[in-house]
Amino acid sequence: MTDTSAVAALVARSNRLGSDPRNTNYAGGNTSAKGTGTDPVTGQPVELMWVKGSGGDLGTLTARNLAVLRLDRLRSLTSVYPGPEREDEMVAAFDFCLHGKGGAAPSIDTAMHGLVDAPHVDHLHPDSGIALATAVDGEKLTHECFADRVVWVPWRRPGFQLGLDIAAIKDANPQAIGCILGGHGITAWGSDSAEAEAHSLEIIRTAEKFLAERGRPDPFGAVVPGNEPLPEAERRAKAAALFPVIRGIASADHPQVGHWTDSEAVLGFLASEKLAPLAELGTSCPDHFLRTKIKPLVVDLPGTAPVAEIAARLHELHEVYRSGYQAYYDRHATSGSPPMRGADPAIVLVPGVGMFSFGRDKQTARVAGEFYVNAINVMRGAESVSQYAPISEAEKFRIEYWALEEAKIARMPAPKPLATRIALVTGGGSGIGRAIAQRIAAEGGCVVVADLDGASAEATATALGGPDVAAAVTVDVSDEDGVAGAFAAAALAFGGVDLVVNNAGLSLSKPLLETTTRDWDLQHDVMAKGSFLVSREAARAMIDQRLGGDIVYISSKNSVFAGPNNVAYSAAKADQSHQVRLLAAELGTHGIRVNGINPDGVVRGSGIFAGGWGADRAAVYGVKEEELGAFYAKRTLLGREVLPEHVAAAVFALTGGDLSQTTGLHVPVDSGVAAAFLR
């Protein structure tokens, strides 16, 4: 039988350790337990090891995320190990040591756990431990901090040889509870799960105490005048204004989603005199620089500089960064190296404003920022007691362009059609707008749900998956400042905007003689003026990004069809319809496509129809309100009712990539209303 108690203890220990950022970074480190199971062929007991699989996160680890290996087969690999020059072959060999079906793929650190002679092993990336590991005299500091209770292991790239090194050091130091891995992290062990966890925490907390007691109060040096944090409101406004520019820079090779961080740790580092030299040294722990690249792009202007000046300087620094990254690749690449993945920064630092981090989705961008905060903490700790000295550039390249890392990237699922695209949908809290937001999120996009009803916007954003997928903003689209604020919120949430859907609307069904100027102004303010204001802000952001974009108008078949008793609504829709043509003609040079959709009779789920329009239209046509959808369907060529998801499908068709050469188009979604055919 499988030793379920060992597995349960391992999972519980991993969750406790992984839930505290002082112990390890997100998805960083790994834990293991050894026990017994039953050989499914012979029925005899067999020694097994359960270890966190590749790519898992300790804080959320479950038994399904564990790789399960036979210890006899794993340890027998020592007799066939060809040496460090053929290290990569050993990871493939782990697959032949697996026990049973299912389970996670073994990670590169599997050998460390299997070869160390201890029932339970933890390998973690605490900031305090890495601070000692990256100090120029880290071995000496480790001895001063721990005496012989924790031993030093010189830097070695993760892999089979590192496992052999740690196993040998443990055997030679029976008094030790763990080790500091130069340039990397910590490893601890124990005779049972509780002892391993206690030893891990002892190493981490002892290092924290050592740094706090021995460290200088100003490890980053003096504050540079002009680089102090801007006041919060000014800081947010400047971040929102700069973010589309920065996102465009980070997306020159591959589109990215962004995250902004203005924590005290970040702003303090950006204000210091050691910012430039320390940032240039880059990060050290492999987990750090795989997420953040070897170093960030640092703006060399104060945060008080005008936005236009910082933006211009960003473009200059971007060219320098790209050239430098190309040179870094050229210095170290061999004939067997994977091709360069992109030369744009993953981290951009703007003094006084904050840190902008990027990734293939919001979570990846956020985590990249968290990793650079880890790196800042590491640099602070190392500089407080010594001098920060990360692993060499050549070693960083070997890991960044490792064949194993390339294989890991290749195993990732293909991105969805709207991955990395950031959408803002007006009227997104209900009806057609909500259906559009749902479809965009389902296709991989990030969504800013903008609505006059803030509660409905928040409910929709939450249902879509929360802040890593969607954000809510309350906005009256007829208010110029409110619209600008909505786009600022979109920038701060995800980095900018690529896809805007002008969907907000309302309708008052009245005959001409009963239509007041207030009725006219209200409908034109929301749909005609509102679409203009939203499209103008969208164009500003998209032009700053230099990534092109899509603007979609949800117009109406009434923009071309003359129906009774809705002069104000239909005139406003005709205004929107012509905005599509005008903006398509004007914005094409920026790669911005502008298209429209003409729905008809979307009764079910429609906020407009539920708000009184349905009752009014039913009265006009002499049918019951609950039969209005069926009535509209009967008068169409296809005889089918139009639903919100049909309009959402048309939005996706226009923006999902297959119609990339199309602009200025109006797509009817009306089941065929001959009188509304475009001529």
**Request:** Kindly determine whether His666 and Ser577 satisfy side chain to side chain donor-acceptor pair (under 3.5 Å), including the steps that lead there.
**Result:** CA-CA 8 Å; His666 281 279; Ser577 181; 3.1 Å; yes

**Prompt:** Are Thr283 and Phe371 side-chain neighbours, meaning at least one heavy-atom pair lies under 4.5 Å?
**Reply:** no

**Request:** Considering only NZ, NE, NH1 and NH2 on the basic side and carboxylate oxygens on the acidic side, decide whether Arg322 and Asp253 come within less than 4.0 Å.
**Result:** yes

**Message:** Keeping Ser272 on the side-chain end and Val223 on the backbone end, is there a donor-acceptor pair under 3.5 Å?
**Reply:** no

Just list the side-chain donor-acceptor pairs under 3.5 Å for residues 460-477, sequence neighbours left out, or say none.
{"residue": "Thr460", "atom": "OG1", "partner": "Gly429", "partner atom": "O", "Å": "3.1"}
{"residue": "Thr460", "atom": "OG1", "partner": "Ser456", "partner atom": "O", "Å": "3.0"}
{"residue": "Thr462", "atom": "OG1", "partner": "Glu458", "partner atom": "O", "Å": "2.9"}
{"residue": "Asp468", "atom": "OD1", "partner": "Arg366", "partner atom": "NE", "Å": "3.2"}
{"residue": "Asp468", "atom": "OD2", "partner": "Arg366", "partner atom": "NH2", "Å": "2.8"}
{"residue": "Asp476", "atom": "OD1", "partner": "Ser478", "partner atom": "N", "Å": "3.0"}
{"residue": "Asp476", "atom": "OD1", "partner": "Ser478", "partner atom": "OG", "Å": "2.7"}
{"residue": "Asp476", "atom": "OD2", "partner": "Ser478", "partner atom": "OG", "Å": "3.3"}

**Request:** Indicate whether the side chain of His259 and that of Lys362 have a donor and an acceptor atom separated by less than 3.5 Å.
**Result:** yes

**Asked** Are Ile422 and Leu499 side-chain neighbours, meaning at least one heavy-atom pair lies under 4.5 Å?
**Response** no

**Item:** Donor-acceptor side-chain pairing of Tyr321 and Gln326 below 3.5 angstrom
**Value:** no

**Arg536/Glu480 salt bridge by N-O under 4.0 Å criterion** = yes

**Request:** Let me see the working for Leu654 and Ile597 under side-chain contact (heavy atoms from CB on, under 4.5 Å), right down to the final yes or no.
**Result:** CA-CA 9 Å; Leu654 285 169; Ile597 296 170; 3.8 Å; yes

**Request:** Output yes when Arg380 and Asp127 qualify as a salt bridge under the 4.0 Å nitrogen-oxygen rule, no when they do not.
**Result:** no

**Asked** Would you say the side chain of Val378 lies within less than 4.5 Å of the side chain of Cys285, judging by non-hydrogen atoms?
**Response** no

**Message:** Using side-chain heavy atoms (C-beta onward) and a distance below 4.5 Å, is Arg540 in contact with Met542?
**Reply:** no

**Asked** Should Asp670 and Lys557 count as an ion pair when the cut-off is N to O under 4.0 Å?
**Response** no

**Prompt:** With a 4.5 Å heavy-atom cut-off, do Val500 and Thr426 have their side chains touching?
**Reply:** no

**Asked** Does any donor atom in the side chain of Gln256 or Ser251 lie under 3.5 Å from an acceptor atom in the other side chain?
**Response** no

**Prompt:** Who pairs with Arg313 by side chain to side chain donor-acceptor pair (under 3.5 Å), at least two apart in sequence or on another chain?
**Reply:** Asp300, Glu316

**CG (Asp521) with more than 12 external heavy atoms under 6.0 Å** = yes

**Prompt:** Should Ile347 and Leu349 be marked as a side-chain contact (heavy atoms from CB on, under 4.5 Å) after you check the CA-CA gap, both sets of side-chain angles, and the distance that decides it?
**Reply:** CA-CA 7 Å; Ile347 303 291; Leu349 305 176; 3.7 Å; yes

**Message:** Donor-acceptor check, side chain of Gln545 to backbone of Gly248, threshold 3.5 angstrom: yes or no?
**Reply:** no

**Asked** About how many Å separate CE of Met355 and CD1 of Ile246, when rounded to the nearest 0.5 Å?
**Response** 12.0 Å

**Asked** Ala541 and Val497: which non-hydrogen atoms are nearest, and at how many Å?
**Response** CB-CG1, 3.7 Å

**Request:** Taking all non-hydrogen atoms of both residues into account, name the closest pair between Ile551 and Ser535 and its distance.
**Result:** CG2-OG, 3.7 Å

**Ser357/Tyr372 under side-chain contact (heavy atoms from CB on, under 4.5 Å): CA gap, chis, key distance, verdict** = CA-CA 9 Å; Ser357 55; Tyr372 200 78; over 6 Å; no

**Asked** Could you go step by step and tell me if Asp575 and Gln579 meet the side chain to side chain donor-acceptor pair (under 3.5 Å) rule?
**Response** CA-CA 6 Å; Asp575 186 311; Gln579 284 187 38; 2.8 Å; yes

**Request:** Considering non-hydrogen atoms only, spot the tightest contact between Ala504 and Gly427 and give its length.
**Result:** CB-N, 3.9 Å

**Asked** Does any non-hydrogen side-chain atom of Ile294 lie less than 4.5 Å from one of Glu400?
**Response** yes

**Prompt:** Is a salt bridge present between Asp344 and Arg247, judged by a nitrogen-to-oxygen distance below 4.0 Å?
**Reply:** no

**Request:** Decide yes or no for Lys293 and Tyr325: does some side-chain heavy atom of the first lie under 4.5 Å from some side-chain heavy atom of the second?
**Result:** yes

**Prompt:** At their closest point, which heavy atom of Val567 faces which heavy atom of Trp520, and how far apart are they?
**Reply:** O-CZ3, 4.1 Å

**Message:** With a 3.5 Å distance limit and no angle check, can you tell me whether Thr663 reaches the backbone of Val594 through a side-chain donor-acceptor pair?
**Reply:** yes

**Message:** Could you check whether atom CD of Glu586 has more than 12 heavy atoms from other residues, nucleotides or ligands sitting under 6.0 Å from it?
**Reply:** no

**Request:** Kindly determine whether Ser570 and Asn566 satisfy side chain to side chain donor-acceptor pair (under 3.5 Å), including the steps that lead there.
**Result:** CA-CA 6 Å; Ser570 295; Asn566 63 353; 3.2 Å; yes

**Request:** Taking the side chain as every heavy atom from C-beta outward, state whether Glu309 and Leu301 have any atom pair closer than 4.5 Å.
**Result:** yes

**Asked** Are Lys238 and Ile310 close enough, and set up right, to give a side-chain contact (heavy atoms from CB on, under 4.5 Å), and what steps lead you there?
**Response** CA-CA 10 Å; Lys238 186 154 281 186; Ile310 297 176; 4.3 Å; yes

**Residues Lys274, Glu383: salt bridge by 4.0 Å N-O rule** = yes

**Prompt:** How are the rings of Phe243 and Phe358 set relative to one another: parallel (under 30°), tilted (30 to 60°) or perpendicular (over 60°)?
**Reply:** perpendicular

**Request:** Return yes if some donor-acceptor pair links the side-chain N/O of Lys573 with the main-chain N/O of Ile554 below 3.5 Å, else return no.
**Result:** yes

**Request:** Please name the pair of heavy atoms, one in Gln523 and one in Tyr569, separated by the smallest distance, quoted to 0.1 Å.
**Result:** OE1-CB, 3.3 Å

**Request:** Can you spot which of Asp498, Asp550, Thr655 makes a side chain to side chain donor-acceptor pair (under 3.5 Å) with Arg421?
**Result:** Asp550

**Complete:** Output for pair (Glu370 CD, Thr261 OG1), nearest 0.5 Å, gives 8.0 Å

**Fill in**
Scanning both residues in full, the closest heavy-atom pair of Gly352 with Arg235 reads O-CD, 3.4 Å

**Item:** Heavy-atom donor-acceptor pair, Asp361 side chain to Thr364 backbone, under 3.5 Å
**Value:** yes

